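Quick note on labels: first sequence line is chain A, next is B, and so on, each numbered from 1. It should be emphasised that the depicted structure is a prediction, and the values quoted were computed from it without experimental measurement.
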Number of protein chains: 2
Amino acid sequence: MLTIGKLGKAAGVKVPTIRYYEQIELLPEPERSAGNQRLYGQSALDRLAFIRHARELGFPLDAIRDLLSLSDEPDQSCAAADVIAKKQLTAVKARIARLMALKAELERMIAQCAQGTVADCRVIEVLSDHSHCAQDHRTSGAAE
Amino acid sequence: MLTIGKLGKAAGVKVPTIRYYEQIELLPEPERSAGNQRLYGQSALDRLAFIRHARELGFPLDAIRDLLSLSDEPDQSCAAADVIAKKQLTAVKARIARLMALKAELERMIAQCAQGTVADCRVIEVLSDHSHCAQDHRTSGAAE
DNA sequence: GTAAGGTCTCTAGTAGCTATAGCTTCAAGA
DNA sequence: TCTTGAAGCTATAGCTACTAGAGACCTTAC
């Protein structure tokens with residue numbers, strides 16, 4: 001059994017964040033010790049690590065709730081799971097596409113910023129110029 | 001001269017966000033029309049487009065402030081901007097890698113759903129496993 | 001000249017945490 | 001066994017980066 005601090009370290013999540021997740025019911029209420037301290041098992045660690053990674057990937061907590069429900073209710077109808085999975089897959093694909101474009105842009109920036117002075121460094125120039133964009137982000141929905 | 005709405009459209013930034021950036025002094029106070037409406041020129045558009053792109057790349061506003069100040073002092077070394085860009089590139093690459101893993105798992109689930117079973121959902125497994133991480137995010141600073 | 005729609009300021013709300021205060025519990029050493 | 005210092009508890013407030021109203025004013029097209 002892990003205390004909240006150990007759990008946080010194991011999952012890479014800060015203690016107050018864990019309590020916050022419990023408050024918004026993303027994590028179930030854990031057991032308590034005789035002295036009222038939270039005690040967690042392996043499943044809580046898995047769940048928290050999942051949340052952490054999904055957050056890093058930019059998923060809002062609502063989407064994470066959806067994803068968690070896929071494993072929380074393994075017997076739910078395939079149709080429901082399918083809808084959630086497809087919706088998230090669409091989001092994931094869009095996110096990958098946009099990140100690829102951003103990666104290319106960053107690499108170009110770094111290549112152009114070859115150890116000179118800002119006078120020849122085009123970092124800012126590149127980042128202010130829409131024409132360098134691989135895709136038109138002005139029409140894309142709010143992704144972050 | 002552009003009104004705030006035109007500027008927002010041109011840069012892909014919402015009107016209240018522009019006013020917010022002015023309030024926190026990321027954008028200088030613009031000229032005003034006789035009727036007190038904001039009027040912007042090309043330099044404001046460049047600056048705003050830069051901010052927009054940098055935000056998309058995951059730079060926090062403080063880092064953007066730094067980058068903008070670098071461009072105001074063009075004799076400084078480019079190294080600082082380069083370091084920030086490289087750090088962001090690393091983060092972007094790691095995100096792409098993990099999104100690819102999630103995408104594969106979602107696709108697997110959807111394929112299985114088509115066959116009528118959802119019993120062994122491994123979405124959490126895929127994203128809860130630290131070993132899939134490209135880098136040890138547990139020590140990295142806040143990425144977002 | 002009037003109607004629609006853009007813009008103004010101001011305040012308040014949002015997501016997702018993060019920090020602080022003031023207290024209690026736990027574990028390890030003397 | 002006592003103590004002491006870290007870790008935990010609740011509750012509340014604050015943070016970043018916006019976003020959404022309300023209610024009034026400006027601009028433009030017919």
Side-chain angles (χ1 to χ4, degrees), chain A residues 1-27 29-40 44 47-68 91 137-138 140-144, chain B residues 1-27 29-40 44 47-68 88 137-138 140-144:
Chain A
M1 282 298 183
L2 299 164
T3 59
I4 197 169
K6 302 273 170 58
L7 178 72
K9 235 163 215 166
V13 175
K14 286 173 186 159
V15 167
T17 305
I18 297 173
R19 290 196 277 248
Y20 169 71
Y21 287 162
E22 181 185 324
Q23 188 189 307
I24 63 170
E25 297 183 321
L26 215 50
L27 291 176
E29 287 185 20
E31 293 180 49
R32 298 283 183 140
S33 71
N36 199 37
Q37 300 195 349
R38 289 169 181 82
L39 291 176
Y40 299 92
R47 196 178 176 91
L48 185 56
F50 168 81
I51 295 168
R52 161 78 201 250
H53 287 130
R55 283 296 298 136
E56 279 197 337
L57 295 174
F59 288 96
L61 292 181
D62 278 353
I64 294 171
R65 224 183 275 274
D66 270 2
L67 284 168
L68 284 170
H137 50 63
R138 273 161 289 183
S140 70
E144 211 133 349
Chain B
M1 283 300 185
L2 300 163
T3 60
I4 196 168
K6 301 274 170 56
L7 178 72
K9 236 165 215 166
V13 175
K14 285 172 186 161
V15 166
T17 305
I18 297 172
R19 290 197 277 249
Y20 169 72
Y21 286 162
E22 181 184 326
Q23 187 189 308
I24 62 170
E25 296 183 325
L26 262 190
L27 291 176
E29 286 183 22
E31 294 179 48
R32 298 284 182 139
S33 71
N36 199 37
Q37 301 196 348
R38 290 170 180 82
L39 291 176
Y40 298 92
R47 198 176 175 92
L48 184 56
F50 169 80
I51 295 169
R52 162 77 202 250
H53 287 128
R55 285 294 299 134
E56 281 199 337
L57 293 171
F59 292 94
L61 291 182
D62 277 353
I64 294 170
R65 220 185 280 273
D66 284 353
L67 284 169
L68 285 170
Q88 290 300 319
H137 48 65
R138 272 161 291 185
S140 71
E144 206 139 349

Under 3.5 Å between N/O atoms: give me all the protein pairs with nucleotides 26-29 of chain C, atom names plus distance.
from: C:dC26; atom 1: OP1; to: A:S33; atom 2: OG; distance (Å): 3.3
from: C:dC26; atom 1: OP1; to: A:G35; atom 2: N; distance (Å): 3.0

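- Close to D:dC9, at under 4.0 Å from its OP1 or OP2, lies a side-chain N or O of A:R38.
- Computed from coordinates, the B:L39 CG to C:dC8 C1' distance equals 13 Å when rounded to whole Å.
- Separating the CZ atom of B:R52 from the C1' atom of D:dA17 is a distance of 14 Å, rounded to the nearest angstrom.
- Closest to the side chain of B:L61, from the set C:dC17, C:dT18, D:dA17, is D:dA17.
- Taking the side chain as every heavy atom from C-beta outward, B:Y21 and B:I64 never approach each other to under 4.5 Å.
- Taking atom CD1 of A:I24 as the reference point, atom P of C:dT18 lies 13 Å away to the nearest angstrom.
- Counting any heavy atom pair closer than 4.0 Å across all strands shown, A:R19 reaches a base atom.
- Between A:L67 and A:F50 there is a side-chain heavy-atom pair separated by less than 4.5 Å.
- Side-chain N/O atoms of B:T3 include none lying less than 4.0 angstrom from OP1 or OP2 on C:dG6.
- With rounding to whole Å, B:I18 atom CD1 is found 16 Å from C:dT9 atom C1'.
- Look at OH on A:Y40: it is 16 Å from P on D:dA7, rounded to the nearest Å.
- For B:Y21, the listed nucleotide lying nearest its side chain is D:dC18; candidates were D:dC18, C:dC17, D:dG8.
- Taking atom CD of B:E29 as the reference point, atom P of C:dC8 lies 12 Å away to the nearest angstrom.
- Side-chain contact between B:I51 and B:V13 is absent, with no heavy atoms from C-beta onward closer than 4.5 Å.
- A:R32 has no side-chain polar atom (N or O) that falls below the 4.0 Å cut-off from OP1 or OP2 of C:dT24.
- Position along DNA chain C of the nearest nucleotide to B:Q23 versus B:I4 favours B:I4 as the more 5'-ward residue.
- For B:D62 and D:dT16, the CG to P distance is 8 Å, given to the nearest whole Å.
- If you check D:dC18, C:dC17, D:dT19 against the side chain of B:R55, the one that comes closest is D:dC18.
- Residues satisfying the side chain to side chain contact (heavy atoms under 4.5 Å, CB included) criterion with B:R19, sequence neighbours excluded, are B:I4, B:V15, B:R38.
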Could you check B:Y40 against B:I18 for side chain to side chain contact (heavy atoms under 4.5 Å, CB included), going step by step and ending with a plain yes or no? CA-CA 11 Å; B:Y40 298 92; B:I18 297 172; 3.6 Å; yes

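- Distance, B:I51 CD1 to D:dA17 P: 12 Å, rounded to whole Å.
- Considering only the side chain of B:T17, D:dT19 comes nearest among D:dC9, D:dA17, D:dT19.
- Within the 4.5 Å cutoff, the side chain of B:R52 has no heavy atoms near those of the B:T17 side chain.
- Residues passing the side chain to side chain contact (heavy atoms under 4.5 Å, CB included) test with A:E31, sequence neighbours excluded: A:M1, A:L39.
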